[in-house]
Asker: 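To start, I am sharing the structure in question, which I have written as structure tokens.
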Amino acid sequence: MASIKEILTTDEIRELTAKSDWRGALAIVRTWAFIGTGFALLAAFPNPLTFLVVVLILGGQQLACAILAHEASHFTLFKTRWLNDHVADWLVARPIWTDVFLSLIHIS
């Protein structure tokens with residue numbers, strides 16, 4: 001199995017792992033856009049097939065929220081600490097009944 005350094009250059013790794021407020025915000029906006037689209041689809045086409053599709057969409061976005069909350073708990077979702085602590089807490093952690101600060105206690 002090849003190591004990551006055999007596949008990517010040091011500059012590519014640095015670029016992929018760099019913290020960015022804009023990338024973090026885009027990830028949250030994209031997640032909520034999918035959630036909103038799911039509810040809009042169900043409102044526009046209320047039938048069992050649409051319901052099943054929306055359940056799959058929303059399940060995927062719950063996982064996306066959990067992943068983003070996890071990244072925020074490690075201070076890697078945003079470059080700015082306040083955004084990791086508060087924006088991520090309210091927009092991705094609390095909607096799935098969790099809390100970024102609980103994770104902070106476990107990793108501190």
Side-chain angles (χ1 to χ4, degrees):
M1 179 174 253
S3 74
I4 193 69
K5 291 188 177 191
E6 293 173 356
I7 299 169
L8 300 172
T9 67
T10 304
D11 289 336
E12 290 170 328
I13 294 170
R14 189 176 300 117
E15 183 180 334
L16 289 170
T17 58
K19 296 178 188 179
S20 168
D21 289 344
W22 289 107
R23 281 193 232 169
L26 180 60
I28 291 174
V29 167
R30 186 175 40 231
T31 298
W32 279 100
F34 273 104
I35 292 168
T37 300
F39 282 114
L41 279 173
L42 191 56
F45 307 104
N47 63 62
L49 180 59
T50 306
F51 176 79
L52 289 175
V53 169
V54 171
V55 165
L56 292 174
I57 291 170
L58 293 179
Q61 297 321 296
Q62 278 185 299
L63 176 59
C65 284
I67 291 168
L68 294 174
H70 175 84
E71 291 305 317
S73 74
H74 290 289
F75 317 114
T76 57
L77 181 59
F78 291 105
K79 187 176 184 177
T80 306
R81 175 75 183 257
W82 186 88
L83 294 172
N84 274 307
D85 289 349
H86 301 289
V87 172
D89 189 48
W90 283 99
L91 294 180
V92 296
R94 292 185 189 257
I96 59 167
W97 298 95
T98 190
D99 187 331
V100 170
F101 297 108
L102 290 176
S103 297
L104 289 174
I105 293 167
H106 297 294
I107 64 170
S108 296

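Everything quoted here is computed from the prediction, not taken from an experiment.
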Asker: Output yes when a side-chain donor or acceptor of K5 lies under 3.5 Å from a complementary backbone atom of I13, and no otherwise.
Answerer: no
Asker: What distance separates I96 CD1 from I67 CD1, expressed to the nearest 0.5 Å?
Answerer: 9.5 Å
Asker: Transitively linked via ILVMFWY side-chain contacts under 4.5 Å: V54 with W32?
Answerer: yes
Asker: Evaluate the criterion side chain to side chain contact (heavy atoms under 4.5 Å, CB included) for residue pair W82 and V87; output intermediate values, then yes/no.
Answerer: CA-CA 7 Å; W82 186 88; V87 172; 3.6 Å; yes
Asker: Measuring from atom NZ of K19 to atom CZ of R81, what distance do you get when rounded to the nearest 0.5 angstrom?
Answerer: 9.0 Å
Asker: Taking all non-hydrogen atoms of both residues into account, name the closest pair between D85 and F75 and its distance.
Answerer: OD1-CE2, 4.0 Å
Asker: So does E15 have more than 12 non-hydrogen atoms from other groups sitting under 6.0 Å from CD?
Answerer: no
Asker: Got a donor-acceptor contact below 3.5 angstrom from the T31 side chain to the Q61 backbone?
Answerer: no
Asker: Same cluster or not: are L58 and L56 linked, directly or through other Ile, Leu, Val, Met, Phe, Trp or Tyr residues, by side-chain heavy atoms under 4.5 angstrom apart?
Answerer: no
Asker: How close do A72 and N84 get, heavy atom to heavy atom, and via which atoms?
Answerer: CA-OD1, 3.4 Å
Asker: Going through the distances and angles, do I57 and T37 end up as a side chain to side chain contact (heavy atoms under 4.5 Å, CB included)?
Answerer: CA-CA 9 Å; I57 291 170; T37 300; 5.8 Å; no
Asker: In the single-linkage hydrophobic clustering (I, L, V, M, F, W, Y; side-chain heavy atoms under 4.5 Å), do L68 and W90 co-cluster?
Answerer: no
Asker: Got a donor-acceptor contact below 3.5 angstrom from the T80 side chain to the L83 backbone?
Answerer: no
Asker: Under a 4.5 Å side-chain heavy-atom rule over Ile, Leu, Val, Met, Phe, Trp and Tyr, are L26 and V92 clustered together?
Answerer: no
Asker: Kindly compute the distance separating CE (M1) from CD (E6), expressed to the nearest 0.5 Å.
Answerer: 11.0 Å
Asker: Which atom pair, heavy atoms only, marks the closest approach of L16 to R23?
Answerer: O-NH1, 4.1 Å
Asker: Distance from T9 atom OG1 to I4 atom CD1, nearest 0.5 Å?
Answerer: 10.5 Å
Asker: For T50, which residues count as a side chain to side chain donor-acceptor pair (under 3.5 Å) partner, sequence neighbours excluded?
Answerer: N47
Asker: Can you measure from OG1 (T76) to NE2 (H70) and round to the nearest 0.5 angstrom?
Answerer: 7.0 Å
Asker: Taking side chain as C-beta onward, heavy atoms only, is F78 less than 4.5 Å from I28?
Answerer: yes
Asker: Test of understanding: clusters of I, L, V, M, F, W, Y form through side-chain heavy atoms closer than 4.5 Å, transitively. Do F45 and V53 belong to the same one?
Answerer: yes
